[in-house]
Visitor: 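Below is the structure I would like to discuss, written out as structure tokens.
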Amino acid sequence: MYDVIVVGVGGMGSAAAAHLAARGARVLALEQYAIPNDRGSSHGLSRIIRLAYWEHPAYVPLVRRAYALWRELEIESGESLLVVTGSIDAGGADSPNVAGARAACLTFDLRFEELRARELAERFPGYRLPAEVVSIYQPEGGFLRPEACIDAHVARARRYAADVRASTPVLGWEAGDRGVRVRTAEGEHRAGHLVLTAGAWTGALVRPTRLPLAPERQVMLWTRPLRPERFQVGVFPVFYIIAADAAYYGFPSHEDAGFKIGLYHHLGERVDPDTMDRTCRDEDEAALREGIRRFFPDADGPTLAMKTCLFTNTPDEHFVIDTLPAAPRVAIAAGFSGHGFKFCSVVGEVLADLTLDGGTRHDVGLFSLNRFPIASP
């Protein structure tokens, strides 16, 4: 008998297991693949973290807490997890990311500079944006190392006696008034509470609730820049650029991995995570090369690697963090819509609060299930 069973040990699940175990809960954490793995949404060497959060003001206090928790985990683990590079949000003067990042910085008293394209290129020569593009530079942005973050959270959970198991798919679960039962090929496990953090597989685990979770195929590309000195940590901030027809995001080269770029919502392919095509195709590279040639021509060198990953989108692209209405012993964190990894550390804390205390001091009202009329059975 456990206090809590966590299903899915990627970014969110590893953090939840770590926070729960550190608070004294008897934890069983189950992952269907290796820990970490390249099947879901928590791989690829880097994930952006930024304070100038333009999507909604409710994110800024959460990401501030996430920064603090990542730094605590670095100290505890002895590993470098968060690399500060500065962050760029670029687009038209009134594009949602530029206007929203500017508003977030003013509202929360964050340091920032607003740069024209020429000014940006003078400071960071890897950027070659059109003259009409405006950029918000926030010096505390950067990236997380997702695989290392998962390893650090799992190590912390195990230090507090959590039972963390890889290669253990969950076959089903049931919740009642007195606890939950989870079935695997090894047998049945019982606990007082259940936490579902299974990424793109979450929808299948809660199918009767008909959550509007849409897995989407993404592709990441790494190149060897023609001018590598312009794309190193220290001289090249992470970025999110909204052009007229696309949104690109990317990273400097770190540990000689190369310049990395992604296209938000890539080719718009809604997929089943069990059957998704994980090979990278010519059209994938062409879509990403277009962004490089438009905005970063000095990075348009040979391909070093390409890799697929998954977004799990909600209709409004805000997260789902809540307990299930029909099963209050079951907490869920899902639908991170391509911008969730930076929050893993604080989402783990929130899930521990919801599970052990029945509530949290963090403002997570934006992520409630009740905003979806089809959420309840």
Visitor: What pair of heavy atoms forms the shortest contact from L20 to A352, and how long is it?
Guide: CD2-CA, 3.7 Å

Visitor: Ring of Y67, cation from R65 - is the NZ or CZ under 6.0 Å from the centre and inside 45° of the axis?
Guide: no

Visitor: Please tell me if the side chains of H19 and V350 come closer than 4.5 Å, counting only heavy atoms from C-beta onward.
Guide: no

Visitor: Do the numbers put R26 on top of the ring of Y2, so that NZ or CZ is under 6.0 Å from the six-membered ring centre and no more than 45° off the axis?
Guide: no

Visitor: What heavy-atom pair brings R39 and R278 nearest, and what distance separates the two atoms?
Guide: O-NH2, 2.7 Å

Visitor: Does a side-chain N-to-carboxylate-O contact under 4.0 Å join D300 and R294?
Guide: no

Visitor: Would you check if there is a donor-acceptor pair between the side chains of E283 and H266 at a distance under 3.5 Å?
Guide: no

Visitor: Evaluate the side-chain proximity of F251 to M220: yes if any heavy-atom separation is below 4.5 Å, no if none is.
Guide: no

Visitor: Nearest 0.5 Å, please: how far is CG in L354 from CD in E349?
Guide: 11.0 Å

Visitor: Donor-acceptor pair, N97 side chain versus A90 backbone, under 3.5 Å?
Guide: yes

Visitor: To check you understand the geometry: which heavy-atom pair defines the closest contact between I35 and D151, and what is its length?
Guide: O-OD1, 4.3 Å

Visitor: Counting only N and O atoms by type, is there a donor-acceptor contact under 3.5 Å from the side chain of S95 to the main-chain atoms of A93?
Guide: no

Visitor: Decide whether F336 and I48 are clustered together by the hydrophobic rule: side chain heavy atoms of Ile, Leu, Val, Met, Phe, Trp, Tyr closer than 4.5 Å, transitively.
Guide: no

Visitor: According to a hydrophobic-cluster definition based on side-chain heavy atoms being under 4.5 Å apart (Ile, Leu, Val, Met, Phe, Trp, Tyr only), do V4 and V347 belong together?
Guide: yes

Visitor: If only atom types and distance count, is the side chain of Q32 paired as donor or acceptor with the main-chain N or O of P169 below 3.5 Å?
Guide: no

Visitor: Under the side chain to side chain contact (heavy atoms under 4.5 Å, CB included) criterion, do L82 and E74 qualify, and how do the steps go?
Guide: CA-CA 8 Å; L82 195 167; E74 283 187 315; 4.1 Å; yes

Visitor: Taking the six-membered ring for Trp, are the ring centroids of F296 and Y127 within less than 6.0 Å of each other?
Guide: yes

Visitor: Does D272 use its side chain to pair, donor to acceptor, with the backbone of D274 at less than 3.5 Å?
Guide: yes

Visitor: With a 6.0 Å cut-off on ring centres, are W173 and H189 close enough?
Guide: no

Visitor: For R47 and S42, test the side chains for any donor-to-acceptor distance below 3.5 angstrom and give the result as yes or no.
Guide: no

Visitor: Are the side chain of R64 and the backbone of L51 linked by a donor-acceptor contact shorter than 3.5 Å?
Guide: no

Visitor: Return the OG1 to CD1 distance between T355 and I5, rounded to the nearest 0.5 Å.
Guide: 12.0 Å

Visitor: Hey, are the side chains of P146 and L45 touching, using non-hydrogen atoms and a 4.5 Å cut-off?
Guide: no

Visitor: Given side chains that start at C-beta, do those of L30 and V6 come closer than 4.5 Å, heavy atoms only?
Guide: no

Visitor: Give the cluster check for V271 versus L213: same hydrophobic cluster or not, with ILVMFWY residues linked at side-chain heavy-atom distances below 4.5 Å.
Guide: no

Visitor: For residues F367 and I332: do they belong to one hydrophobic cluster (side chain heavy atoms under 4.5 Å, members Ile, Leu, Val, Met, Phe, Trp, Tyr)?
Guide: no

Visitor: How long is the span from the CZ atom in R289 to the CG atom in D282, to the nearest 0.5 Å?
Guide: 11.5 Å

Visitor: Between R123 and E119, does any NZ, NE, NH1 or NH2 come within less than 4.0 Å of an OD or OE carboxylate oxygen?
Guide: no

Visitor: Starting from the C-alpha separation in whole Å, work towards a yes-or-no answer on side chain to side chain contact (heavy atoms under 4.5 Å, CB included) for E285 and V219.
Guide: CA-CA 8 Å; E285 182 167 4; V219 176; over 6 Å; no

Visitor: If you take all heavy atoms of S41 and L310, which pair is closest and at what distance?
Guide: OG-O, 2.6 Å

Visitor: Any side-chain heavy atom of R156 within less than 4.5 Å of one from R158?
Guide: no

Visitor: Could you label the plane-to-plane angle of the Y59 and F319 rings as parallel, tilted or perpendicular, counting under 30° as parallel and over 60° as perpendicular?
Guide: perpendicular

Visitor: Just so I know, are the side chains of Y248 and F295 near enough to count as touching, which here means a heavy-atom distance under 4.5 Å?
Guide: yes

Visitor: Show your working on side chain to side chain donor-acceptor pair (under 3.5 Å) between H43 and E147 and close with a plain yes or no.
Guide: CA-CA 6 Å; H43 61 280; E147 293 89 348; 6.0 Å; no

Visitor: Remaining members of L226's ILVMFWY cluster at a side-chain heavy-atom cut-off under 4.5 Å?
Guide: none

Visitor: Report the C-alpha distance between E216 and M276 in whole Å, list the side-chain angles of each, state the deciding distance to 0.1 Å, and finish with yes or no for side chain to side chain contact (heavy atoms under 4.5 Å, CB included).
Guide: CA-CA 9 Å; E216 180 184 27; M276 184 184 86; over 6 Å; no

Visitor: Show which side-chain atoms of residues 236-244 pair as donor or acceptor with protein atoms under 3.5 Å away, not counting sequence neighbours.
Guide:
none

Visitor: With a 6.0 Å cut-off on ring centres, are F143 and F341 close enough?
Guide: no

Visitor: Using a 4.5 Å cut-off on heavy atoms from C-beta on, say whether the side chain of P228 contacts that of F259.
Guide: no

Visitor: Looking at every heavy atom in both V98 and D89, which two are closest together, and how far apart are they?
Guide: CG2-O, 3.7 Å

Visitor: Ignoring hydrogens and angles, tell me if any N or O in the side chain of E113 forms a donor-acceptor pair with the backbone of L115 under 3.5 Å.
Guide: no

Visitor: Under 3.5 Å, side chain of T197 to main-chain N/O of G8, donor-acceptor pair present?
Guide: yes

Visitor: If you measure from the Lys or Arg side-chain nitrogens to the Asp or Glu carboxylate oxygens, is any gap between R23 and D3 under 4.0 Å?
Guide: no

Visitor: How far does NE2 of H153 sit from OG of S345, to the nearest 0.5 angstrom?
Guide: 6.0 Å

Visitor: Does a salt bridge link E188 with R190, judged by any charged N lying under 4.0 Å from a carboxylate O?
Guide: yes

Visitor: P215 and P273: which non-hydrogen atoms are nearest, and at how many Å?
Guide: CG-CD, 4.1 Å

Visitor: Is there a donor-acceptor pair closer than 3.5 Å between any side-chain N or O of R224 and the backbone N or O of T303?
Guide: no

Visitor: Pair R281, E269 - check salt bridge (charged side-chain N to carboxylate O under 4.0 Å, His left out), show working.
Guide: CA-CA 13 Å; R281 309 183 294 258; E269 298 171 273; 2.8 Å; yes

Visitor: Ignoring hydrogens and geometry, is there a side-chain-to-backbone donor-acceptor pair from R178 to A175 under 3.5 Å?
Guide: no

Visitor: Heavy atoms, side chains only, cut-off 4.5 Å: are L351 and D353 in contact?
Guide: no

Visitor: Would you call R181 and E174 a salt bridge, using N to O less than 4.0 angstrom?
Guide: yes

Visitor: Less than 4.0 angstrom from a charged side-chain N to a carboxylate O is my criterion; do E55 and R50 meet it?
Guide: yes

Visitor: Would you give the length of the straight line joining atom CG of L267 to atom CG of L288, rounded to the nearest 0.5 angstrom?
Guide: 8.0 Å

Visitor: Checking side chain to side chain contact (heavy atoms under 4.5 Å, CB included) for the pair R111/C105: CA distance, chi angles, key distance, verdict?
Guide: CA-CA 7 Å; R111 293 184 296 155; C105 290; over 6 Å; no

Visitor: With no hydrogens and no angle check, do the side chains of Y249 and K260 hold a donor and an acceptor under 3.5 Å apart?
Guide: no

Visitor: Does R165 reach the main-chain N or O of L28 with its side chain, forming a donor-acceptor pair under 3.5 Å?
Guide: no

Visitor: So, taking the atom named CD in E186 and the one named CG in L171, what distance separates them when rounded to the nearest 0.5 Å?
Guide: 10.0 Å

Visitor: Is it the case that the side chains of H339 and Y264 hold a donor-acceptor pair, with the cut-off being a distance below 3.5 Å and no angle test?
Guide: no

Visitor: According to a hydrophobic-cluster definition based on side-chain heavy atoms being under 4.5 Å apart (Ile, Leu, Val, Met, Phe, Trp, Tyr only), do V195 and V320 belong together?
Guide: no

Visitor: Please list, chain by chain and in numerical order, all residues satisfying ring pair (Phe, Tyr, Trp, His ring centres under 6.0 Å) with W222, sequence neighbours excluded.
Guide: none

